[in-house]
Undergrad: 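Input: one structure, supplied below.
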Amino acid sequence: MPNAKLKNYLHLHFLVFIAGFTAILGELITIGALELVWFRMSIAGVLMLFYIKAVKLSLKIPLKVLLQFAVAGVIIALHWVTFFEAINQANVSIALAMFSTGAFFASFIEPLFFKRAILWYEILFGILVIVGVILITSSEFEYINGIVLGLFSAFFSTLFAVINGRFILRHRASVISFYEFVSGVIFLTVFLIVTGHSFNSEFFTLQKSDWIYLLILASVCTAYAFIGAVEVMRYISPFTVILSYNLEPIYGIALALLFFPESEIMSAEFYMGAALVLMTVLLDAYLKYKDSVRRKRKVVTD
């Protein structure tokens, strides 16, 4: 039994490592962010369909649910587009540091969706995150476009996580993901056509390295990561999973320094700001865990 638990913990951190490696692939792939996400969601959607057919899951869902999945698919597409464009406009470190502000947005989005009061420490942590972002912005102002895109990416990611958190209670993760990927592809296809892009042979003519990186991104970092994260939550507490995924920017920034030392070494103020944001996120997760434990004990006592 202890060996099984250790195996799941190692699997979880491998998934977090994969999440951090996504940004590295975004830097290595040479095509634009819109095209990158289109290929990512298309390939991942096909792979997810193969998986669904292999395990014999039903894809039948009500039209109302399909429309809800479609909205979530557009949101995750916007998250990925803004995230990869933030890397293009700045670098991996900036994009991941801004991605860490997701907890700040969650402090205001979650109360709206779940109709609860904003907690006092969420306001305090929100202020600390803003201070961290100001530190980063003041020292790296030449990357302001990437910083703004990174903040939008964090907002879309948080919105998607909150919405998806409600879906997962009633539907299989693979089915949800498949419809979200398809919806994202349709949305991006329409947007690309409207903005003058053509789906001709040139669109599909990519460098060999781009195809390799895209296949890794779509298979390992998307389809496998989505299924693996849900599987891990069967054996490890949601708090541990959430806390571990908050380490993604740390893994990603460390990998960026290893792969791209010349472009990723930032100022001292950047690392101070990023550390402030990350510590705030981890502390927020810890306090929420303590609150949930306290509420469960109160229910048992009552």
Undergrad: With hydrophobic residues grouped by side-chain heavy-atom distances under 4.5 Å, do Ile87 and Leu206 end up in a single group?
TA: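 Cluster IDs for Ile87 and Leu206 match.
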Undergrad: Under 6.0 Å between the ring centres of Phe181 and Phe226?
TA: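 Yes, the ring of Phe181 comes within the 6.0 Å limit of the ring of Phe226, centre to centre.
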Undergrad: Same cluster or not: are Ile253 and Leu135 linked, directly or through other Ile, Leu, Val, Met, Phe, Trp or Tyr residues, by side-chain heavy atoms under 4.5 angstrom apart?
TA: no
Undergrad: For Ser209, give me all partners under side-chain contact (heavy atoms from CB on, under 4.5 Å), at least two apart in sequence or on another chain.
TA: Gln207, Tyr213
Undergrad: Look up atom CG in Leu159 and atom CD1 in Ile75, then write down how far apart they are to the nearest 0.5 Å.
TA: 4.0 Å
Undergrad: Check for me, please, whether Met272 and Val277 land in the same ILVMFWY cluster - side-chain distances under 4.5 Å, paths through other members count.
TA: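 Different clusters: Met272 never reaches Val277 through Ile, Leu, Val, Met, Phe, Trp or Tyr contacts under 4.5 Å.
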Undergrad: Atom CD1 of Ile163 and atom CD1 of Ile76: how far apart are they, to the nearest 0.5 Å?
TA: 10.5 Å
Undergrad: Return yes if some donor-acceptor pair links the side-chain N/O of Ser153 with the main-chain N/O of Leu149 below 3.5 Å, else return no.
TA: no
Undergrad: Does one hydrophobic cluster hold both Phe50 and Leu215, with members joined at side-chain heavy-atom distances below 4.5 Å?
TA: no
Undergrad: Between CD of Glu180 and CZ of Phe160, what distance do you get to the nearest 0.5 Å?
TA: 4.0 Å
Undergrad: Please step through side chain to side chain contact (heavy atoms under 4.5 Å, CB included) for the pair Ile18 and Tyr224, ending with a clear verdict.
TA: CA-CA 10 Å; Ile18 287 172; Tyr224 164 73; 3.6 Å; yes
Undergrad: Which value, rounded to the nearest 0.5 Å, describes the distance between Leu25 atom CG and Asp210 atom CG?
TA: 11.0 Å
Undergrad: About how many Å separate CD1 of Ile31 and CG of Leu36, when rounded to the nearest 0.5 Å?
TA: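 One gets 5.0 Å once the value is rounded to the nearest 0.5 Å.
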Undergrad: Looking at Ser219, is its backbone amide N or carbonyl O close enough to the side chain of Thr222 to form a donor-acceptor pair, meaning the two atoms are under 3.5 Å apart?
TA: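 Side chain of Thr222 to backbone of Ser219, a donor-acceptor pair under 3.5 Å: no, none is there.
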Undergrad: Between Trp38 and Phe203, how do the two ring planes meet: parallel, tilted or perpendicular, split at 30° and 60°?
TA: perpendicular
Undergrad: Verify whether the ring centers belonging to Phe39 and Trp211 lie closer than 6.0 Å.
TA: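 Between Trp211 and Phe39, which both carry aromatic rings, the centre distance is below 6.0 Å.
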